[in-house]
Structures are given as C-alpha cells and as structure tokens.
Enquirer: 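Dumping the structure here so I can ask a few things about it.
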Amino acid sequence: MEQQEKNVKKTPHGLIIFNIAAILAVFAGITVFINTAERPTVSVEEKRKLASCPRFTVESYFSGEFTEKFSEYYNDAVPMRSNWKEIIAEVRGHLGFDIEGGAHFVGPLPEIEE
C-alpha cells in the first residue's frame with residue numbers, strides 16, 4: 001500500500017488554482033460577449049426577421065408577457081447566431097446525429113450474419 005502511495009504524483013496546488021481561474025475566465029468572457037455584443041435583427045438563412053427586444057412595462061411584466069417575449073428575443077437573437085448554428089450542426093454530425101433530429105451511423109457498419 002505504501003509503495004502505491006509513493007508512486008502517485010500530486011498536482012501542485014498552484015496549478016489547480018490556475019486551471020480553475022482559467023475556466024472561470026473563459027466562462028466570464030463568453031457571458032460578457034453574449035450580453036454585450038451586437039445582436040442580429042435578420043436571419044438570412046431562415047429568411048425572416050428575428051425577435052426584437054420587448055418594451056418593459058410593469059403591466060407586461062406582471063402579466064408574464066414581457067418575460068415570455070424577452071426569452072424569445074434572447075434565444076432568437078444570439079450574437080454570431082449563424083456561426084453557432086454551423087458549429088452545432090458540425091458537432092452533431094461528428095456525434096452521429098442528423099441535423100433534423102434523426103440519427104445516422106458514422107464509420108463502417110458491422111456486418112450482420114444471416
């Protein structure tokens with residue numbers, strides 16, 4: 001048992017903190033970018049106008065209309081929307097998922113003996 005413990009290398013404490021800080025910085029940067037970058041108003045691929053930011057009123061907030069429309073706007077008008085859609089489609093293709101929600105096999109199919 002002592003032999004196994006001697007062979008285990010410990011990660012330096014500073015490296016662990018650096019890794020955590022780097023991951024948090026990446027997430028913070030993405031959050032700031034998504035919330036401050038210019039949002040598109042038109043989708044050329046879909047040939048439609050994207051949702052616009054709703055006007056806030058107390059009545060619309062308490063009726064739930066504002067939050068519903070804001071959620072639609074926030075999801076519809078993501079900065080670099082077209083790029084993200086292409087990246088997601090590419091990743092799904094590599095994972096074996098078709099963009100329409102079906103599935104297809106990646107690589108050689110196993111032979112079935114009859």
Side-chain angles (χ1 to χ4, degrees):
M1 187 72 160
E2 289 180 30
Q3 184 67 17
Q4 288 178 345
E5 289 179 9
K6 289 180 182 178
N7 292 337
V8 175
K9 293 182 180 179
K10 294 187 178 181
T11 305
H13 185 68
L15 183 60
I16 294 171
I17 291 182
F18 175 78
N19 287 338
I20 292 171
I23 290 169
L24 290 176
V26 168
F27 281 122
I30 290 170
T31 301
V32 168
F33 173 75
I34 286 176
N35 288 309
T36 60
E38 185 177 341
R39 293 182 173 267
T41 56
V42 177
S43 173
V44 177
E45 297 87 9
E46 298 174 34
K47 298 178 183 162
R48 70 178 181 94
K49 184 178 177 190
L50 299 174
S52 59
C53 188
R55 186 177 182 94
F56 177 81
T57 63
V58 175
E59 295 84 23
S60 67
Y61 179 76
F62 284 111
S63 71
E65 180 183 351
F66 174 78
T67 53
E68 182 180 327
K69 288 186 177 180
F70 189 82
S71 177
E72 180 183 329
Y73 158 72
Y74 197 82
N75 291 329
D76 204 24
V78 174
M80 295 177 49
R81 185 173 191 270
S82 298
N83 299 49
W84 289 115
K85 287 180 78 171
E86 288 176 17
I87 291 168
I88 290 168
E90 185 74 22
V91 168
R92 282 186 170 185
H94 288 296
L95 293 175
F97 296 107
D98 195 5
I99 193 67
E100 281 80 33
H104 66 274
F105 291 100
V106 177
L109 297 176
E111 301 215 8
I112 300 174
E113 295 180 22
E114 292 185 27

Enquirer: Please report the C-alpha distance between Asn75 and Phe70 in whole Å, then the side-chain angles of each, then the deciding distance to 0.1 Å, and finally whether the side-chain contact (heavy atoms from CB on, under 4.5 Å) criterion is met.
Expert: CA-CA 9 Å; Asn75 291 329; Phe70 189 82; over 6 Å; no
Enquirer: Could you list the residues that satisfy salt bridge (Lys or Arg N to Asp or Glu O under 4.0 Å) with Glu65, not counting sequence neighbours?
Expert: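 Salt bridge (Lys or Arg N to Asp or Glu O under 4.0 Å) check on Glu65 returns Lys69.
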Enquirer: Given a cutoff of under 4.5 Å between side-chain heavy atoms of I, L, V, M, F, W and Y, with clusters grown through shared members, what are the other residues clustered with Phe18?
Expert: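 Phe18 shares its hydrophobic cluster with no other residue.
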Enquirer: Check side-chain contact (heavy atoms from CB on, under 4.5 Å) between Ile30 and all other residues, then give those that pass, not counting sequence neighbours.
Expert: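 By the side-chain contact (heavy atoms from CB on, under 4.5 Å) rule, Ile30 matches Val26, Ile34.
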Enquirer: For Arg39 and Ala77, indicate whether the former's side chain and the latter's backbone hold a donor-acceptor pair under 3.5 Å.
Expert: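 Flag set: sc Arg39 to bb Ala77 pair under 3.5 Å.
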Enquirer: Would you compute the distance between atom CD of Glu38 and atom CE of Met80 and round it to the nearest 0.5 angstrom?
Expert: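 Answer rounded to 0.5 Å: 13.0 Å.
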Enquirer: Given 3.5 Å as the limit, does a donor-acceptor pair link the side chain of Ser71 with the main chain of Thr67, or not?
Expert: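 Here the side-chain-to-backbone pair does not exist.
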Enquirer: Between atom SG of Cys53 and atom CG of Asp76, what is the distance when rounded to the nearest 0.5 Å?
Expert: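 Answer rounded to 0.5 Å: 12.5 Å.
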Enquirer: In terms of side-chain heavy atoms, does Ser63 have a donor or acceptor partner in Ser60 at a distance below 3.5 Å?
Expert: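 Ser60 and Ser63 do not have a side-chain donor-acceptor pair below 3.5 Å.
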Enquirer: For Ala51 and Tyr73, work out which heavy atoms get closest and say how close.
Expert: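 Closest pair (atom of Ala51, atom of Tyr73, distance): O-CD1, 3.3 Å.
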Enquirer: With sequence neighbours excluded, tell me which residues meet side-chain contact (heavy atoms from CB on, under 4.5 Å) with Phe56.
Expert: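 side-chain contact (heavy atoms from CB on, under 4.5 Å) check on Phe56 returns Tyr61, Phe66.
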Enquirer: By side-chain contact (heavy atoms from CB on, under 4.5 Å), which residues pair with Leu24, not counting sequence neighbours?
Expert: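 Leu24 satisfies side-chain contact (heavy atoms from CB on, under 4.5 Å) with Ile20 once adjacent residues are dropped.
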Enquirer: Tell me which pairs pass salt bridge (Lys or Arg N to Asp or Glu O under 4.0 Å) where either residue lies in residues 49-63, with sequence neighbours left out.
Expert: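 Sorted pair list comes back empty.
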